[in-house]
Participant: 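Here it is, the structure, as structure tokens.
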Amino acid sequence: MSDAEQPTDDHVPGDDEFEPIQVFPQAEDMDLRPGADNCYKCSTCDTNCPVAEVDDEFPGPKFQGPEQWRLKRQDDHDIDDSVMKCSNCMRCDSACPSEVPLSQMHNTARGEYVDEQMSTISREYLRNRMLANYRKLAPLAATFPRTANFVMGLSATKWMGEKLLGITSEREFPDFATETFREWWTKRGGAQVESEEKRIAYFHGCYSNYNTPEVAKALVRVYEHFGYEIMVPEQSCSGTPMFANGMLDDARRAAETNVRELGAAIADGADIVASCSSCSMSLRQEYPELFDFAGTETVAENTWDAVEFLRVHEDLEGALEGTSVEDSNFAYHAPCHSRNQGLDGQTIEIMDRIDGVEAEDVGDSCSGISGTYGWKAEKYETSMKIGEEMFDHMEDADAETGLTECPTCSMQMEHGTGYEITHTLEVLEDALVGARSE
Amino acid sequence: MAIEDDVLVIGGGIAGATAALAAAERDARVRLVTYKQSTLRHASGLIDILGYTPAGDGPLIDPFDALEDLPEGHPYERVGAETVRDALSFFDDVAGDAYAGEHTDANALVPTHGGTVKPTARYPASTAAGLASDPRDALLVGFETLPDFEAPLAAAHLEAAGAPFETRGVTLSFPGIVRDDAKVTRYAHLLDQDETVETAAGTTTAREALAERVRSQLDDEPRVGFPAVLGDERADEVRADLADAIGVDVFEVPMGPPSLPGMRLEDLLYDALEAAGVAVTSGVPVIDYETNGDADRIDRVVVDRHGAEIPHRADQYVLATGGLVGKGVRSERDRVFEPIFDCHVSHAEDRYDWFVDDVFGDQPYARFGLAPDRELRPLDATDDPEFANLRAAGAVLGGYDFAAEKSGAGVSLATGYAAGRRAGEECGD
């Protein structure tokens with residue numbers, strides 16, 4: 001699939017001298033091997049897998065990665081279809097004490113499974129392709145948002161979605177905004193601040209463009225408050241839903257656009273910031289693991305989480321001292337893809353600086369929706385079982401508003417508890433710039 | 001700007017967590033950075049101090065008696081017996097009711113999944129009813145789908161080891177588990193959520209179904225031991241419910257990795273860190289450091305976040321990254337080293353001298369690690385501190401063989417406590 005650089009050994013100084021003898025032939029298409037030999041079968045990854053915890057049928061990340069590679073050494077073995085039960089939460093990565101690139105192996109295996117074993121006219125394939133390429137359908141819906149919201153909300157539409165496509169009728173489709181972020185951005189005349197020194201390119205992703213432009217606007221206002229010139233380059237989907245559905249060709253096309261456009265922004269002196277933790281995860285980790293076109297590394301190295309960037313480059317905590325916000329009690333859930341980037345404690349730390357704000361961490365369980373996963377009729381129940389622990393903790397928390405940085409986690413939080421959910425950037429906007437205005 | 005704190009602890013196991021808690025007690029602003037999940041998930045959850053002397057004598061009845069005679073350079077010798085006691089009572093305060101054993105200096109004997117008994121100083125409340133010094137008869141229950149605990153064999157071993165009571169082992173099927181290799185977390189979750197399961201007698205809840213199966217096997221034994229899979233989030237409730245429904249005391253037998261008692265201890269420590277206001281950054285490695293002109297002091301360390309290098313600055317640093325398993329100490333073909341600060345690790349030139357042929361022999365590699373002064377500052381090859389503001393704790397330290405001595409958790413606790421307390425004090429100066 002890819003012969004991209006493998007992150008198998010972490011930053012050990014002076015590693016370069018030892019040249020191992022090449023025992024295995026160079027893989028031509030698909031190779032799960034890099035890192036597989038680091039697995040010493042401690043099974044820690046399995047204990048972190050939210051799917052294995054609730055689904056007796058799922059063999060777990062250790063099987064999907066290193067063990068499956070060993071099976072694959074025998075030519076007549078196909079990829080086991082259980083790989084489609086993996087939700088791509090990537091928790092196994094930080095669980096592994098031995099640097100096995102588990103999620104990379106799962107992405108690769110899923111890719112091969114979909115390419116070679118899944119019929120492209122099957123209902124599952126069509127459904128997955130549609131979910132993974134939500135970005136392709138969204139512009140149409142966004143052109144007629146009220147009609148789209150009305151149609152998607154109809155019980156007949158949901159019934160057909162479930163019967164024809166296997167999309168669960170239990171969930172409410174997220175509303176499309178009446179004005180996309182990019183429309184708003186163009187209408188306001190683009191950047192209002194110009195700066196040679198302080199410049200960022202915003203990777204807004206699909207969701208904050210089509211569904212929650214208020215998050216994207218919050219980012220703009222917070223960054224302009226700190227004097228940043230904001231660029232909004234052309235962009236495609238980050239690829240996360242495509243990796244998760246094994247649609248690696250689709251992901252590659254999207255990544256090519258993103259690397260090219262974001263790379264150009266970096267050449268113009270900007271750092272890349274993202275407001276969605278799955279988008280930043282994708283640009284920072286999955287691209288270099290799966291693709292090897294020019295500039296991938298540069299984009300990865302210069303991509304930041306929006307809040308983290310301000311913490312490192314500005315005195316964000318100082319700026320928040322003495323500020324306050326209207327709504328002040330939050331139940332915070334750290335998305336898996338924040339957790340994996342070392343960002344899970346960040347929002348709580350930042351909220352502590354705002355007067356009167358109480359943000360309670362609702363624990364380390366996965367929310368269970370994992371992007372497109374929880375939308376599939378056959379996965380819905382698993383998704384809700386995984387989320388149960390988080391729902392319980394949210395109900396126990398002294399708050400009516402949920403807080404998270406991941407759009408699909410927020411759907412699940414709302415779905416499971418009925419809480420209203422907001423984004424860290426929206427709270428920062430409220431504290432630093434004042435109540436939201438158009 | 002760097003992320004700024006008073007004390008920065010690198011490593012998230014018992015040593016790191018204890019160091020962070022001890023430093024926070026001194027009103028320092030503390031951050032703990034941990035890369036991969038700690039190897040606590042491999043740990044039994046037992047807090048042992050010393051079960052055997054370095055010469056192999058034991059099991060020891062009173063570990064504190066033996067602390068005085070440890071060789072120079074052993075981590076306990078470095079911090080002193082008084083600090084070991086202080087650290088243990090510090091742990092008792094953190095653990096509260098979740099752990100038992102503080103009523104005596106003597107080691108408790110906890111039966112393990114192999115039917116051996118492990119001398120330990122503190123043990124989870126879930127294992128309390130199972131102690132080998134308790135004269136009551138016991139029934140051990142294993143499960144067909146959980147081959148790591150062979151109950152009849154463990155029972156026979158316990159008898160052979162001279163336990164002062166009768167032990168019997170039975171193997172049952174676990175209600176609601178079909179798969180041969182279901183994860184331990186699956187068992188725990190089933191019981192935590194008390195999921196609905198199908199049995200021959202109809203539909204019932206997981207706890208009730210399990211109790212029913214055990215009740216029919218009971219032959220007047222007043223206590224029943226299960227492998228340690230009885231719940232995670234709600235383990236106390238699960239155990240109490242089972243004890244009620246079966247009508248006898250229920251205990252857990254610690255298992256090999258991955259281990260729920262280890263995970264629960266991890267949760268307990270991280271809840272304490274949150275309560276103490278310690279900031280925790282996880283999932284990212286510390287890869288480098290910078291000094292600020294003064295080569296003696298670390299000015300900042302660099303955290304790698306998927307390519308972006310995030311500076312973290314503190315006044316004092318504690319290194320608690322673990323040993324060879326946790327990868328705080330690493331080896332290549334021709335060297336053994338500490339990867340972040342490149343602190344000196346003493347070892348033989350020839351790698352064939354790093355081990356002896358007898359697998360259970362006195363392995364030199366088991367003692368690889370940093371040699372610290374009495375303040376736990378790692379020393380360089382000429383016995384001078386590597387840095388004025390760096391201390392080390394836990395398995396990254398050398399000079400002891402925790403597997404042979406049964407001293408892993410105790411050394412982590414004592415050195416973590418000593419290093420964290422000292423770091424917290426100094427940053428106030």
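Quick caveat, the model's predicted, so the values are computed rather than measured. In what follows, every chain begins at residue 1, and chains take the letters A, B, ... in the order their sequences are listed.
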Participant: Counting only non-hydrogen atoms closer than 4.5 Å, does B:V280 touch chain A with its backbone (N, CA, C, O), its side chain (CB onward), both, or neither?
Facilitator: backbone
Participant: I need the residue from B:A279, B:G283, B:P258, B:G326 with the largest number of non-hydrogen atom pairs under 4.5 Å to chain A.
Facilitator: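 When all of B:A279, B:G283, B:P258, B:G326 are compared, B:P258 has the most.
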Participant: Do A:R91 and A:D93 sit within salt-bridge range, that is, some charged N less than 4.0 Å from a carboxylate O?
Facilitator: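 So A:R91 does not pair with A:D93 through a salt bridge.
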Participant: If I measure from the heavy atoms of chain B, does A:R284 come under 4.5 Å with its side chain, its backbone, both, or neither?
Facilitator: both
Participant: Answer yes if the side chains of B:R31 and B:T281 hold a donor-acceptor pair under 3.5 Å, and no otherwise.
Facilitator: yes
Participant: Can you list the residues that meet the ring-ring contact (aromatic ring centres under 6.0 Å, His included) rule with B:Y187, with sequence neighbours excluded?
Facilitator: B:F174
Participant: Using only heavy-atom distances, determine whether the side chains of A:E405 and A:T347 contain a donor-acceptor pair under 3.5 Å.
Facilitator: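 A:T347 and A:E405 do have a side-chain donor-acceptor pair below 3.5 Å.
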Participant: Please classify the contact between B:V325 and chain A as side chain, backbone, both or neither, with a heavy-atom cut-off of under 4.5 Å.
Facilitator: both
Participant: Do the side-chain N and O atoms of A:Q68 and A:D80 include a donor-acceptor pair separated by under 3.5 angstrom?
Facilitator: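 A:Q68 vs A:D80: no donor-acceptor pair found between side chains.
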Participant: Under the rule for side chain to side chain contact (heavy atoms under 4.5 Å, CB included), what residues qualify as partners of A:A255, not counting sequence neighbours?
Facilitator: A:Y287, A:F291, A:F293
Participant: Thinking salt bridges, do A:E321 and A:R353 make one under a 4.0 Å N-O criterion?
Facilitator: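 The answer is yes: the pair qualifies as a salt bridge.
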Participant: Check whether the side chains of A:Q346 and A:D305 place a donor and an acceptor atom closer than 3.5 Å, and report yes or no.
Facilitator: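 Looking only at side-chain atoms, A:D305 and A:Q346 do form a donor-acceptor pair, the distance falling under 3.5 Å.
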Participant: Report the option among A:L343, A:T44, A:N302 that has the most heavy-atom pairs separated by less than 4.5 Å from atoms of chain B.
Facilitator: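 Of A:L343, A:T44, A:N302, A:T44 has the most heavy-atom pairs under 4.5 Å with chain B.
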Participant: With chain A, which of B:A182, B:S282, B:P257 has the greatest number of heavy-atom pairs at distances under 4.5 Å?
Facilitator: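 Between B:A182, B:S282, B:P257, the count favours B:S282.
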Participant: How long is the span from the CD1 atom in A:I350 to the CD atom in A:E308, to the nearest 0.5 Å?
Facilitator: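 Between atom CD1 of A:I350 and atom CD of A:E308 there are 10.5 Å.
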Participant: Under 4.5 Å heavy-atom distance to chain B, tell me which part of A:D392 shows up: side chain, backbone, both or neither.
Facilitator: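 Just its side chain gets close to chain B.
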Participant: Measuring heavy-atom distances to chain A, does B:Q193 have an atom under 4.5 Å in its side chain, in its backbone, in both, or in neither?
Facilitator: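 For B:Q193, the contact with chain A is made by the side chain alone.
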Participant: Non-hydrogen atoms of chain B under 4.5 Å away: do they reach the side chain of A:F58, the backbone, both or neither?
Facilitator: backbone
Participant: Counting only non-hydrogen atoms closer than 4.5 Å, does B:I177 touch chain A with its backbone (N, CA, C, O), its side chain (CB onward), both, or neither?
Facilitator: both
Participant: Do you know which of A:A52, A:A300, A:S280, A:C42 has the most heavy-atom pairs with chain B at a distance under 4.5 angstrom?
Facilitator: A:C42
Participant: In terms of ring plane angle, is the pair A:F309 and A:W304 parallel, tilted or perpendicular, where the classes change at 30° and 60°?
Facilitator: perpendicular
Participant: Please classify the contact of A:D56 with chain B as side chain, backbone, both or neither, using a heavy-atom distance under 4.5 Å.
Facilitator: both
Participant: Could you tell me which portion of A:T303 (side chain, backbone, both or neither) has an atom closer than 4.5 angstrom to a non-hydrogen atom of chain B?
Facilitator: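 Only the backbone of A:T303 comes within 4.5 Å of chain B.
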Participant: Which residue out of A:C96, A:S365, A:G345 racks up the most heavy-atom pairs below 4.5 Å with chain B?
Facilitator: A:C96
Participant: Under 4.5 Å heavy-atom distance to chain B, tell me which part of A:Q341 shows up: side chain, backbone, both or neither.
Facilitator: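 Interface part for A:Q341: both.
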